[in-house]
Undergrad: 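Got a structure for you, written out below as C-alpha cells; questions coming shortly.
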Amino acid sequence: MSKKRLSSQVGHTTDSYHRDELPIAQGKAKIIRELQRNPVTILVGETGSGKTTQIPQYILEAGISGGKCIAITQPRRVAATSLAARVAMEQGVSLGTSVGYSIRFDEHCSPNTKIKFITDGMLVRELMSDKYLSNYGVIIIDEAHERTLRTDVLLASLKQILRRRNGSSQGHDQSQDPLKVVVMSATLDAQGFSNFFDSIKPIYVKGRQHDVHIFHTLTSQPDFVEAALRTFFQIHTSNNPGDVLIFLPGQEEIENLNSSIRFYARQLPQGVMPVLVYPMYSSLHPSQQSKVFMRTPHGSRKCILATNIAETSITIPGIKYIIDTGKCKERRYVAREAGSGVDTLLTRDISRSSAMQRAGRAGREGEGFCFRLFPKQAFDSMAPTLEPEIRRCDLTAMILELKSLDLDIERLDFMDKPDEDAVYSGLTTLSILGAIDKHQNLTGAGKKMAALPVDPKFSRAILASEELGCSQEVIDIVSVLSVSSRLFLGVQNDDSNVVGTRDKFKHPSGDHCTILNAFRAYQEVVSSGTYGEATSWCARNFLNARALSEAVEIRRQLRGICKRIGINTDLSCSGQVQPIIHCLVLGLVQNAAFIQPNGFYKQVMGPSVVKIHPGSVVAQTHHPAIVYDELVFTTQTYVRGVSIVTKAEISNVFSSISGRF
DNA sequence: GAGCACTGC
C-alpha cells in the first residue's frame, strides 16, 4: 500500500506540569482582559492547552465571577470528577470545599464551592429548580464542539438567561446579578458558536503537541478490515517499537480483526516481536477492558482494536501508531407518524474533526504516526463535524423537560433547529402518553413524568404502577432498563454456558420480567453478602455488575423522587405478572406489534415489519402480540426488550387513549 | 443469531 506523507500538528498532554508552563499561560493576561470586558467569550483551545483546568482558576483569581460560583460543564462524568480533583490539587484545597463537582448520584460540593465541575445533564436539571441559574456568576460550557443534546439545550437557555440577567433591553430582570458565559471548543470550527452569539471573535490558544505524521492510502479501501490487517503487519514487521491503536466502527469488525491478527501473528518468523491484541468497546466485560491499560512488556507490541470509545472517552498510554479506518457507527432516529419512529445504527464515514482527534491519539507522549485507510481527497470531502445530536435523536424526553421549564422547543433559539418531524413525533408521543393535553400544555401526569429522569414511556409505566398496585416491581424494571449498558454480558468465543445461566432468570412472559428476576436475585445477594461477593456472583452468572450496581442507585433515586411527588412506591403485586405487563403496555402502546402468518411481527401503529432481536429470551417463540422497548435498524429491523401480551390488552389500551392523537 | 459513544433531582 502506498502512502503519501503529510504532516500535521495535533494535541498532546502530559500528566505533570507547572501551571505557568501550560500553553494557555502565555495568553493569560489577554484572556482575563477579554473575560472582564465581555459577557460571552468563545475560546478555542487545542488538546493540551490547559484551558479546562486553568480558565476557571483565572476567573476565580481575577474576581470575574463576582464572588459567585463558576460552573464548568462536561459531557462525561469521569471528566467532571477527575478535572475537579486536578484543580483542587492545584488550588491546594481538598475536593468538595472551594473546588467541587456534581454528577448524578455523586456531589462533592459545599456552600462555599467557587469552582464546580458539573455534567451538562446535571446543569440542565438544575435549571428546573433555578431557571436563571442565579447561583452562578460564570458558566463555562466545555467541549462545546461535541454538541451533545444537553450542551445545545444549555446554549439555547443561556442565551435567554443572558438577556434576563444582563440585558438593558426587554426581559431584563433587575433583581438578577449579571452572568458571564464562556464557550470552550477544541476544534477550529468556532464559526457556528460565533454566529450564535452575535459574531463574537473567538480567542485561539495553541496546544502542547508532538508531531503526528499522517499518511493516506492512494485509493479507497472497501475492505477496511483487511486493509487494517495489512497496515498493522507493515508497522509490526518494521520492528520499530511503539503500540498501535486501530479505530474500527463496531464490535463485529473488532472481533474479526482480532482473530485475523492473532492468526497471522502466530506465523511470524523468529525474531519478530510478539503481539498482544486487545479489543476495546463499551459492552466488553470490564476485566477485558482493563487489559488495554496494562503496561506493554518489554520487547513486545500492544495492538488495541477500539471503537469511538478511544476517541474521547478513554486515553490509552503508549500509543505511537494509529490506524484509522475512517468509519464509525452512528445512531440516528428516523421520525415517523404517530411517534412510531425507528432508530438506525449504521456504519458511516467519520468527520474531519473526528479524523484529526483520532490522529492526535498518537502524539500524546512523543512523535507519532497515523495511517488513514482512505485517500486525502476523501478526507477533504468529509463533513467538517458530525451532525449535532439534536438533529438526529428522539426528542420526546427533551420536549417534556423543556415543557416543565416553561420552554417551548419550537420557539427556543437553538444553534441548530431540531427537525420538524422529530418535534411532531415527540409531541404526538407525549400526548399519547398523556403528558400533554390538546393544547400541548403539560398535564399533571406530565409534570410527574418530567420529574423522573427516565424515558417518558417508562415514567408513564411508573405512574400507572401506582394505580395497578405494582410500583415496586415496575420501578425495579425501569431502573434496570434505564442503565445504559447491557445487563447480560456475553463473553468472547460465546459458549453455551452463557445461555444456560441466563435461563436461570428466564421468565416466560419475556425480557421485562426476566430482568426483574435477575435484578431481584442480585439485590438479595447484595443484601446478604459483601460487595465483592456480589461482584463474583455477577461474574459467575454473566451479569454486568456495573450495570446492576448502577440500577440500584437509579432505583434509590427513582423511589426518592416518587415519594417526593406523591407516588406510593411500596405496592407489590406479589408474583402476579398481569399488572406489571399492563403498566408496560401503557408506556409502550406505540411499541406494540402483532404476529403475521410468516412469523414476523408488524407494528400496530407503524408500517415496519420487525424481528425479535436474538438477544431476547422470547426470540425463538411465536405469540399473537408483543410490546417492546426499542426498535433498531441494523442489518434488519429488530425489536429489543420484548414482553408477550394479548391482542385484547393492546386494544383495551388503544380505546382508553383514542382521541388523544 | 447480534449490541457506536455519552448522559439525568
Undergrad: Could you tell me whether A/Arg77 and A/Glu550 make a salt bridge, using a distance below 4.0 angstrom between a side-chain N and a carboxylate O?
TA: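 Between A/Glu550 and A/Arg77 there is a salt bridge, with a charged N closer than 4.0 Å to a carboxylate O.
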Undergrad: Using the side-chain heavy atoms of A/Ser282, tell me which of these nucleotides is nearest: B/dC4, B/dG1, B/dA5.
TA: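 Side chain of A/Ser282 sits closest to B/dA5.
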Undergrad: Report the relative orientation of the aromatic rings in A/Tyr638 and A/His613; use parallel for angles under 30°, tilted for 30 to 60°, perpendicular for over 60°.
TA: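 A/Tyr638 vs A/His613 ring planes: perpendicular.
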Undergrad: Please work out if A/Arg104 contacts a base, only the sugar-phosphate, or nothing of the nucleic acid, heavy-atom cut-off 4.0 Å.
TA: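 Contact class for A/Arg104: base.
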Undergrad: CD of A/Glu389 versus P of B/dT7: gap in Å, rounded?
TA: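 Answer to the nearest Å: 11 Å.
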Undergrad: Pick out which of A/Gln357, A/Arg358, A/Arg361 makes a side-chain hydrogen bond (donor to acceptor under 3.5 Å, both in side chains) with A/Glu311.
TA: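 With A/Glu311 as partner, side-chain hydrogen bond (donor to acceptor under 3.5 Å, both in side chains) holds for just one option, A/Arg358.
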Undergrad: Which nucleotide wins on minimum distance to the side chain of A/Ile309, given the candidates B/dC9, B/dC6, B/dG3?
TA: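 That would be B/dC6.
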Undergrad: What nucleic acid atoms does A/Glu252 come within less than 4.0 Å of, heavy atoms only: base, sugar-phosphate, or nothing?
TA: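 No contact.
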Undergrad: Find the distance A/Leu154:CG to B/dG8:P and express it as a whole number of Å.
TA: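 Taking CG of A/Leu154 and P of B/dG8, I get 12 Å after rounding.
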Undergrad: Please determine, for the side chain of A/Arg77, which listed nucleotide (B/dA5, B/dT7, B/dC9) has the closest atom?
TA: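 Nearest to the side-chain atoms of A/Arg77, counting from C-beta on, is B/dT7.
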Undergrad: Return the nearest nucleotide to the side chain of A/Tyr281; candidates are B/dG3, B/dC9, B/dA5.
TA: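 So the side chain of A/Tyr281 is nearest to B/dA5.
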Undergrad: Tell me the interatomic distance from A/Lys329, atom NZ, to B/dA2, atom P, rounded to whole angstroms.
TA: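 That distance rounds to 11 Å.
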Undergrad: Go through B/dG3, B/dC4, B/dC9 for me and flag the one nearest to the A/Tyr638 side chain.
TA: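 So the side chain of A/Tyr638 is nearest to B/dG3.
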Undergrad: Check every strand shown and say whether A/Glu330 touches a base, only sugar-phosphate, or nothing at a heavy-atom separation below 4.0 Å.
TA: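 Nothing: the residue A/Glu330, judged by heavy atoms under 4.0 Å, touches no strand.
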Undergrad: Starting at the 5' end of DNA chain B, which residue's closest nucleotide do you reach first, A/Glu126 or A/Asn308?
TA: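 Residue closer to the 5' terminus by nearest nucleotide: A/Asn308.
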Undergrad: Just compare B/dA5, B/dC9, B/dG8 and give me whichever is closest to any side-chain atom of A/Thr307.
TA: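 Nearest to the side-chain atoms of A/Thr307, counting from C-beta on, is B/dA5.
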Undergrad: May I ask you to decide whether A/Arg150 forms a salt bridge with A/Glu389, counting only side-chain N to carboxylate O separations under 4.0 Å?
TA: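 Salt bridge absent between A/Arg150 and A/Glu389.
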Undergrad: Rounding to an integer number of Å, can you tell me how far A/Lys447 NZ sits from B/dC9 P?
TA: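 Distance, rounded to whole Å: 20 Å.
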Undergrad: Round to the nearest Å and state the distance from A/Glu253 atom CD to B/dG3 atom P.
TA: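 After rounding, the reported distance stands at 10 Å.
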Undergrad: Choose from B/dG8, B/dG3, B/dA5 the nucleotide whose nearest atom is closest to any side-chain atom of A/Met122.
TA: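 For the A/Met122 side chain, the nearest candidate turns out to be B/dG8.
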Undergrad: Tell me: CZ of A/Arg556 to P of B/dG8, nearest whole Å?
TA: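 Those two atoms, CZ and P, are 16 Å apart.
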Undergrad: Give A/Thr119 one of three labels, base, sugar-phosphate or nothing, depending on what nucleic acid heavy atoms sit under 4.0 Å from its own.
TA: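 Touches sugar-phosphate only.
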Undergrad: Which is true for A/Ala619 with a 4.0 Å heavy-atom rule: it touches a base, it touches only sugar-phosphate, or it touches nothing?
TA: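 No contact at all - A/Ala619 keeps every heavy atom at 4.0 Å or more from the nucleic acid.
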Undergrad: Expressed in angstrom and rounded to an integer, what is the separation of A/Phe488 atom CZ from B/dG3 atom P?
TA: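 My rounded result for the distance is 18 Å.
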Undergrad: Is any N or O donor-acceptor pair between the side chain of A/Arg150 and the base of B/dT7 shorter than 3.5 Å?
TA: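 Check passes, donor-acceptor contact within cut-off.
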Undergrad: Does A/Arg372 qualify as a cation-pi partner of A/Phe379, given the criterion of NZ or CZ under 6.0 Å from the six-membered ring centre and within 45 degrees of its axis?
TA: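 Flagged: A/Arg372 positioned over aromatic ring of A/Phe379.
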Undergrad: Between B/dG3, B/dG8, B/dA2, which one does the side chain of A/Arg125 approach most closely?
TA: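 Nearest to the side chain of A/Arg125 among the choices is B/dG8.
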Undergrad: Hey, does A/Val454 reach any base, or is it just sugar-phosphate, or nothing, if we go heavy atoms under 4.0 Å?
TA: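 The answer is base, as A/Val454 lies within the cut-off (heavy atoms under 4.0 Å) of a base atom.
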Undergrad: Classify the nucleic acid contact of A/Ser482 as base, sugar-phosphate or nothing, counting any heavy atom under 4.0 Å across all strands shown.
TA: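 Contact class for A/Ser482: none.
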Undergrad: Take a 6.0 Å sphere around CD of A/Glu252 and say whether it holds more than 12 heavy atoms from other residues, nucleotides or ligands.
TA: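 Count not over threshold, so no.
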Undergrad: Using whole Å, what does the distance between atom C1' of nucleotide B/dT7 and atom OH of A/Tyr101 come to?
TA: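 Result: 16 Å.
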Undergrad: Starting from the 5' end of DNA chain B, give me the residue, A/Val483 or A/Leu345, whose nearest nucleotide shows up first.
TA: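 In this pair, the answer is A/Leu345.
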